[in-house]
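To start, the structure under review is shown below, and the notes come after it.
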Amino acid sequence: MNPLDRMAGALIALMLALETRIYRRDERGSVTTEHVLWAVAVIAIVGIVVAAVKAYVELQAGKIK
């Protein structure tokens with residue numbers, strides 16, 4: 001799966017989780033929701049890092065004679 005696809009999916013999941021949390025005012029499951037949001041954020045960050053490293057490596061590999 002493409003890292004950008006993963007990042008897009010993670011951002012969509014984050015938006016849905018935030019919208020759900022806004023409309024629901026009770027605190028049941030708030031710890032679980034918080035863990036899910038942290039997991040989504042970490043996945044997004046990892047996706048960005050993977051894409052950056054991949055782009056850098058491909059750029060450097062293109063310079064090899």
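Nothing fancy with the numbering, it's 1 onward along the sequence. Note: hydrogens, waters and symmetry copies are ignored here, and every other heavy atom, side chains too, is used.
A search for side chain to side chain contact (heavy atoms under 4.5 Å, CB included) contacts involving I43 returns A10, not counting sequence neighbours. For Q60, the side chain to side chain contact (heavy atoms under 4.5 Å, CB included) partners are Y56, K63, not counting sequence neighbours.
Residue V42 belongs to a hydrophobic cluster whose other members are V46, V50, with links defined by side-chain heavy atoms closer than 4.5 Å.
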